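Please read the structure below before turning to the comments.
Just so it is clear, the model here is predicted, and its values are computed rather than measured. In what follows, every heavy atom counts, from backbone to side chain, and hydrogens, waters and symmetry copies are set aside. So that the names make sense, note that chain A is the first sequence line, chain B the second, and so on, each numbered from 1.
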Amino acid sequence: MLRIKRVPTVVSNYQKDTEEETNRQQVGCGRNCLRSCCIPGANLPLYTFKRMKNMMDEKRDSPVPFLDSLLLGEWEDRMQRGLFRYDVTACETKVIPGVSGFIAQLNEGRHLKKRPTEFRVDKVLQPFDGSKFNFTKVGQEEVLFQFEETDGDEAQFFPSAPIDTDNSPSVIAINVSPIEYGHVLLIPRILECLPQSIDRKSFLLALHMAAEAGNPYFRLGYNSLGAFATINHLHFQAYYLAVPFPIEKAPTRKITTLGSGVKISELLNYPVRGLIFEGGDDIEDLSNAVSDSCICLQDNNIPYNVLISDSGKRVFIFPQCYAEKQALGEVNPELLDTQVNPAVWEISGHIVLKRKKDYEEASEENAWRLLAEVSLSEERFEEVKALVFETIACREDKNETVTHSLDAESEELDVINIGTDRTMVPGKQECLVLQ
Amino acid sequence: MESQLGLIDQSFNARYTSWVREALDELPDNFTITDPSISGHPIVFASRGFLKMSGYLKDEVIGRNGRIFQGPRTNRRSVMEIREAIREERTIQLSLLNYRKDGTPFWMLFHLSPVFSKEDGRVIHFVSVQVPILRKLRSEDGNRWQETVFGSCRREVCSDTVIELARCRALDSFVDSDNRVLEAEESCEANDLEKQKAATAINSILSVLTHYSEQTGRLVCGKRCNSSVMCPLSSSLNISLGRIKQSFVLTDPHLHDIPIVYASDAFLSLTGYNRHEVLGRNCRFLNGPDTDPKAICQIKESIQSDQACSVRILNYRKDGSPFWNHLHISPVRNATGRIAFYVGVQIEEGCKNEGTRGLSPEMRILGTVGAVKVAVRSLSMGAGSSKS
């Protein structure tokens, strides 16, 4: 079993190891949490979005501007109520000179004097454990609003709506240790207590949140277990930073276009190897291609990170191996000393540093050196790619066979042809069995 | 919308006189001109050639953002590069796949160039020239050469040759039998002639703009000539702030008497002042005979203690009419973590658009504060120097 020691990030004010019992006279457990003890009668704002067909549709006017009024308004409100552990806008930040434009932030407050905890890093899928901290334990004041799909014709907003425990709502909560302004967590179907793993439905929800925000500088991220997620309760992160990320500027090379129009490329000239998904006839095509790839990675026990960028129009996936190397003692001690955990934001080029010295000495070379440790080797990346493509090709093939059965023969050729990539395995047989 | 069109006219006429449109219309090139200081960074002029090429009517384009021409196959990284060039206020030239009104895509060479005010070095407009990229393509039978525009070619060929749609999808899927065409579609490099054409077009547009700006005495130029003069905010910050629809002002506590350095469109329509009448002045001109001195005092105290505060204060418009202002003031920090501005957000009590279906005025005020904080922090991070 591989483990690393690290200081867990405190995302909620209720994430204390020792829980002091309060004497407050209140209903439920007294903490106004999201469990059955406190939920009856509780209300939260509710924003319902209309399922989007096409990414390129101009965003319709919603009753309430999702990002600029609702999310930021609620967030600023929590800031004025003092729920955050520090004012992130008082943390110094800069773009590191160089071609890539890495972004460094000095954040001495995020890293509190907490004892490092052991994390198992060799299992990407682990069952939910209700005895550990999870988001049903956060206080309701940390939840900004419920985020749901509507059957109606347009997005709607309800300032106060009951929490429907039967249809476990998806919620957006603050991260009390923000790494930028507007740092929130999207917790899909919170009451279902899903472990940290991607499924089609949850990923589509995350993509809709990016589209609903409609601002290329409001991005979502995901870390799998073994790739620096610390809480095994399904969540995405998001924040607002109006600067292009180095990853978004990196050159790419197209690998293939799926039948649905989703284009898959790989990153070139970037320290971390990764795949980029974009386009598609329908938002769901893009969502499915990405989530199927993620499912393939987690099923194969490959830790990974995901960045949803450009208002949901581009998605990056990075399989990674830093934690594994760290557990095996293969990471340069100098890098470990910085205590930077290379999760999705670091990989994307936004690096939060805990020591003033590291911030002052931050350079493109240093950032590059750190991220190079995160990346899979070229051989391993090719293997992983082949695995992912096999999965997607199967799904594609399945869909194609349904819709265009007449063309089955020529499509079989196409599928086998996928192998412009030498490691591609045509998975036709296996898929038919699955079907 | 009406007032936005007014701003657009003003943006153009005040700088170049109303005659400039005729002169620009005589140029054969395809181009648009946009104004970053107006909320939404809209198109304020579109040339005849551009309208013909894109298939839009003038009224469908003016006031809109250039992103309406993008489509599903537009390269997202190219879009990001353009966005970054705009925030860094520099020229960019790249190939881009755009879409006509009827949905057909076409490749063109996109050349964007800022137009600066000679007086204070601010960016007044951006000119975007678009040169269609034409290529010789071998047609299906392989004998004839056919002049066609890249990107639109393959789909057209598909539907023309009466191959059923399924076949067309198969062509699109995974690895196309015709990789040569595919790659051409992925990136379509312009040739030197086209690049030259774009550069020449930019020069002739700039010379028209310069000429007509001489007539108003508010000169423009293609190179930033004077950046040392006080120029309150960069155009990139202006663009970001312009997206925020609420009424608000930014004041600079480091300048004498804490003057206004930015005023939103909504602030101007709320108070009835013109922008040039409020920039550089302290906010106290909004107060009047019946303004409660205690409220003013509260504002002063909060600024002195670097704190946010909310007050209900009686303010006066330019025409002298009073209104109850739900004013919220908050310090705004830049990337160094220090206070760079104070933002003041105003909501008029009992005004008709107060209830944005459910979201409380308080929440809208706080949302505005948040959006301003992000804009100021992000745009003072030295992103512009990343190319050094």
Step-by-step salt bridge (charged side-chain N to carboxylate O under 4.0 Å, His left out) determination, B:Arg333 to A:Asp87: CA-CA 10 Å; B:Arg333 296 171 187 275; A:Asp87 175 1; 3.4 Å; yes
Select one option (side chain, backbone, both, neither) describing which atoms of [X] are under 4.5 Å from chain B's heavy atoms.
X	result
A:Glu248	both
A:Phe158	neither
A:Pro45	neither
A:Glu364	neither
A:Ile264	neither
A:Asn215	neither

Full working for side chain to side chain contact (heavy atoms under 4.5 Å, CB included) between B:Arg73 and A:Lys263: CA-CA 9 Å; B:Arg73 281 165 190 254; A:Lys263 184 173 98 179; over 6 Å; no
How long is the span from the [atom1] atom in [X] to the [atom2] atom in [Y], to the nearest 0.5 Å?
X	Y	atom1	atom2	result
B:Thr74	A:Lys313	OG1	NZ	10.0 Å
A:Leu72	B:Leu366	CG	CG	10.5 Å
A:Thr93	B:Asn334	OG1	CG	11.0 Å
A:Tyr181	B:Ser378	OH	OG	11.5 Å
B:Ile339	A:Thr89	CD1	OG1	9.0 Å
A:Ser69	B:Gln246	OG	CD	6.0 Å

Options A:Gly261, A:Ser309, A:Ala250, ranked by heavy-atom pairs under 4.5 Å with chain B, top entry: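 When all of A:Gly261, A:Ser309, A:Ala250 are compared, A:Ala250 has the most.
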Pairs of heavy atoms under 4.5 Å with chain B: top-ranked of A:Gly182, A:Pro216, A:Ser160: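 The residue among A:Gly182, A:Pro216, A:Ser160 with the greatest pair count is A:Pro216.
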CA sep, side-chain torsions, deciding dist, call: B:Arg83, A:Asp310, side chain to side chain contact (heavy atoms under 4.5 Å, CB included): CA-CA 11 Å; B:Arg83 197 157 57 220; A:Asp310 202 357; 4.0 Å; yes
I'd like to check [X] versus [Y] (side-chain heavy atoms, cut-off strictly below 4.5 Å). Are they in contact?
X	Y	value
B:Met363	A:Glu76	no
B:Leu359	A:Leu70	yes
A:Lys94	B:Met381	no
B:Glu81	A:Lys249	no

Partner chain A: residue of B:Val374, B:Val376, B:Ile244, B:Thr336 with the largest heavy-atom pair count (under 4.5 Å):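 Highest number of heavy-atom pairs under 4.5 Å: B:Val374.
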Chain A contact via B:Ala335 - side chain, backbone, both or neither, heavy atoms under 4.5 Å: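 Both parts, backbone and side chain.
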B:Arg312 atom CZ, over 12 foreign heavy atoms within 6.0 Å: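 Enclosed.
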A:Ile276 and B:Arg77: CA distance, side-chain angles, deciding distance, side chain to side chain contact (heavy atoms under 4.5 Å, CB included) verdict: CA-CA 11 Å; A:Ile276 302 135; B:Arg77 191 167 158 264; over 6 Å; no
Heavy-atom donor-acceptor pair, B:Arg87 side chain to A:Ala242 backbone, under 3.5 Å: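 Side chain of B:Arg87 to backbone of A:Ala242: a pair is present.
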Candidate pair B:Lys373 and A:Met79, rule side chain to side chain contact (heavy atoms under 4.5 Å, CB included), full reasoning: CA-CA 12 Å; B:Lys373 283 184 173 178; A:Met79 182 142 163; 3.8 Å; yes
